[in-house]
Amino acid sequence: MKRRHSLAGIAAVAVLLAACGANDKPAGGQAGGDVKKGGTLYLLSDSPTQQYDPARSSSLVVTGLQFVHRRLTSWKVAPGQDTTIVPDLATDTGKPSDGGKTWTFTLKDNQKYSDGSTIKSADIKWGLERSYAPAFAGGLAYHKDLLSPGLTYKGPFEGGQELSTIETPDDKTIIFKLARPYGDWNWVASTPAFAPVPKGKGAEANYGEHPIASGPYQIDKFERGKTAEFSRNPHWDGKTDETRPANPDKVIWQFSQQTNVISKRLIDDTGEDKNAFGISFASPAQLAQIQSNQSAKSRLVTSESGALAYLALNTLRGKLTDVNVRKAFQYAVNKAAYQVASAGNAQLACDAATTLVTPGIAGREQFDLYPSKPEGDPAKAKELLAAAGNPNGLEGLVLVTRAENNWPKLAESVQSSLAASGIKATIKPMDEETFTAEVQNKPNPDYDLALVSWQPDIPSANANIQPLFQSTEIGGGGYNTARYNNADVDRLITEAQATVDQKEAAKKWAELDKKILADSPVVPLIYTRNSYLHGSKVGNVQIGRFPAYADYRQFGIIQ
């Protein structure tokens, strides 16, 4: 599996903007009163656009794409509860056979697109085939190597070739023949590429600006950099859709809004902004203002936990090739200082992290292989470095970070704590594009340490572990920023992915979590929370245990 880029990964960059636990309410809760059908919901975003082409989208089930497109499976999300998988277009969450190599789904009856035509199994296949076309790259790609080993298939537009590993014996049945057993295939079937596109449609590059809708809303107007306006899909059948109540009559996205302006509009809470939700995380610069404004404070919702922020150690570089040197970093980093740099003070910060699998993932085990105070243990770090042949510490290390937002400040907190343990590092800030080229794409990058974070795309430990630590994810756009290469771990990842029994798979992932951390390729820092602000007329603003994003599907207007 090779992801070129993940919105979850991108979003995790901004996650650190949000002050963790920034409100006093129980985290992962719900805000807003009872809603009724009707009204207009406004979504305020600092991004210039939103991708509505399912082949090119990295949108989680609960966020942007769900208004327009359904998928084979979906997620049931509720505050304080583990997220579970439920059927969406399919009648169930898939039937595995052949030891997990074959998965069969059956579509529900009489489901239609916004143009009134019937959704067929061949349309699911066509949508997936589109995702292989170079012109439609960029979306989540968990399915690609499993359906086309070596990514040899190049899409349906050149020569009309079909993907032979997907069978559609009738209009309602779709069968996937995978290259190897894969227990999380039903979770993968909830990713954007599993949304239907009418067979033969969607060849144009801007299909995402006028897609044929299978979800509760259709796009009436799209202007990149300005707005996207939705109205109800008259052919959507709510009785077959258990996760989208589709409360508002209309949804209007407003793009390219400055983050601080979004926060001010929502704090002021006047006019149409009473019906607005801020997609961008609440501005850290204005969190203090929010805390002092009782009305705004009541409209701030914070996730229970979130992305894993961590310090990646380049395991292929210099002294860091020695596992005993890397273990010293576990004690050298002052996580309490990082909490303060993230949120302003320790009381508002997230929990210090000690595992790779984030909270809210079924089967996660809490452990700490390197117990110390949140402030770290410089004496222990120096002791380990000396034992590894470095009695004078380390110097000349390069710590790369993004230049945007408060990343440099976060990097400075890490730099300072390392110095207390005799580890001298120079911070090298980069813009987003340069950072991606250096850390994810360059064969021999110039860094020893990288400050990064990660939120999985599906609620499975598979999505925590595999993208970050399988050797196939080194370079080429992958997220193995520690450049960790362990053949035994690679084998165990493949074995855990092949395990269909989810309880058994969870045990394998928990063992992998410990095994990888024993090699110390990264230092877990915090489980970063997200905070969102919304207007006083927006109700049902919910965040479950996973993901750390508000569930847009539940929003409604308080009439």
Can you name the nearest heavy-atom pair linking [X] to [Y], along with the distance?
X	Y	result
Ser280	Ile262	OG-CD1, 3.6 Å
Leu451	Arg402	O-NH1, 4.0 Å
Ser305	Ala548	O-CB, 3.0 Å
Leu65	Pro192	CD2-CB, 3.5 Å
Leu356	Asp513	N-OD1, 3.0 Å
Val522	Ala312	CG1-CA, 4.0 Å

task = List the steps, then state whether side-chain contact (heavy atoms from CB on, under 4.5 Å) holds for Asp551 with Ile543.
result = CA-CA 6 Å; Asp551 188 349; Ile543 305 178; over 6 Å; no
query = Given the rule in the side-chain hydrogen bond (donor to acceptor under 3.5 Å, both in side chains) test, do Trp75 and Ser190 qualify, once you have shown the distances and angles that lead to the verdict?
reply = CA-CA 8 Å; Trp75 306 349; Ser190 70; 2.9 Å; yes
key: Value rounded to 0.5 Å, distance of OG in Ser59 from CD in Gln51   =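 Those atoms lie 10.0 Å apart.
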request  = Classify the side-chain pair Ser520/Gln330 by whether it contains a donor and acceptor separated by less than 3.5 Å.
outcome  =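 Judged by distance alone, the side chains do pair up.
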task = Apply side-chain hydrogen bond (donor to acceptor under 3.5 Å, both in side chains) to the pair Thr355 and Tyr527, showing each step before the final yes or no.
result = CA-CA 9 Å; Thr355 67; Tyr527 306 114; 2.7 Å; yes
request  = Answer yes or no for Arg364 and Phe546: cation-pi contact, defined as NZ/CZ to six-membered ring centre under 6.0 Å and angle to ring axis within 45°.
outcome  =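 The answer is no, since Arg364 fails at least one limit relative to Phe546.
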ask   = Can you list the steps and then say if Thr73 with Asn186 is a side-chain hydrogen bond (donor to acceptor under 3.5 Å, both in side chains)?
value = CA-CA 7 Å; Thr73 59; Asn186 50 357; over 6 Å; no
message = Please enumerate all residues that pass ring-ring contact (aromatic ring centres under 6.0 Å, His included) together with Phe435, with sequence neighbours excluded.
response =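 Result, ring-ring contact (aromatic ring centres under 6.0 Å, His included) vs Phe435: none returned.
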Indicate every side-chain donor-acceptor pair of residues 482-492 with a distance under 3.5 Å to a residue at least two apart or in another chain.
from	atom 1	to	atom 2	distance (Å)
Arg483	NH1	Lys442	O	3.3
Arg483	NH1	Pro443	O	3.3
Arg483	NH2	Val439	O	3.1
Arg483	NH2	Lys442	O	3.0
Tyr484	OH	Asn486	ND2	3.2
Tyr484	OH	Asp519	OD2	2.5
Asn486	OD1	Asp488	N	2.9
Asn486	OD1	Val489	N	3.1
Asn486	ND2	Asp519	OD2	3.1
Asp488	OD1	Arg491	NE	3.3
Asp488	OD1	Arg491	NH2	2.6
Asp488	OD2	Lys515	NZ	3.1
Asp490	OD1	Ser471	N	3.0
Asp490	OD2	Ser471	OG	2.4

query = Hey, would you say the Phe277 and Tyr552 ring centroids sit under 6.0 Å apart?
reply =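 When the ring centroids of Phe277 and Tyr552 are compared, they turn out to be within the sub-6.0 Å range.
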inquiry  = For Glu365, is there an ion pair with Lys514 - N to carboxylate O distance below 4.0 angstrom?
reply    =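 Yes, Lys514 and Glu365 are salt-bridged.
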key: Pairing of Arg317 and Asp446 as salt bridge, 4.0 angstrom limit   =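 Here Arg317 pairs with Asp446 in a salt bridge, since their nearest N and O are under 4.0 Å apart.
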key: Full working for side-chain contact (heavy atoms from CB on, under 4.5 Å) between Phe329 and Leu449   = CA-CA 11 Å; Phe329 283 77; Leu449 313 170; 3.9 Å; yes
ask   = What do the steps show when you test Val541 against Phe555 for side-chain contact (heavy atoms from CB on, under 4.5 Å), and what is the final call?
value = CA-CA 6 Å; Val541 181; Phe555 293 173; 4.1 Å; yes
ask   = When the ring planes of Trp253 and Phe255 are compared, do they come out parallel, tilted or perpendicular, using 30° and 60° as the limits?
value =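 Tilted: the ring planes of Trp253 and Phe255 meet at 30° to 60°.
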query = Do the ring planes of Tyr370 and Tyr331 sit parallel (below 30°), tilted (30 to 60°) or perpendicular (above 60°)?
reply =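 Taking Tyr331 first and then Tyr370, their aromatic rings stand perpendicular (interplane angle over 60°).
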ask   = Under the side-chain contact (heavy atoms from CB on, under 4.5 Å) criterion, do Ser263 and Gln289 qualify, and how do the steps go?
value = CA-CA 10 Å; Ser263 292; Gln289 184 182 354; over 6 Å; no
inquiry  = With salt bridge (charged side-chain N to carboxylate O under 4.0 Å, His left out) as the rule and sequence neighbours excluded, what pairs involving residues 374-393 come up?
reply    =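 Qualifying pairs: none.
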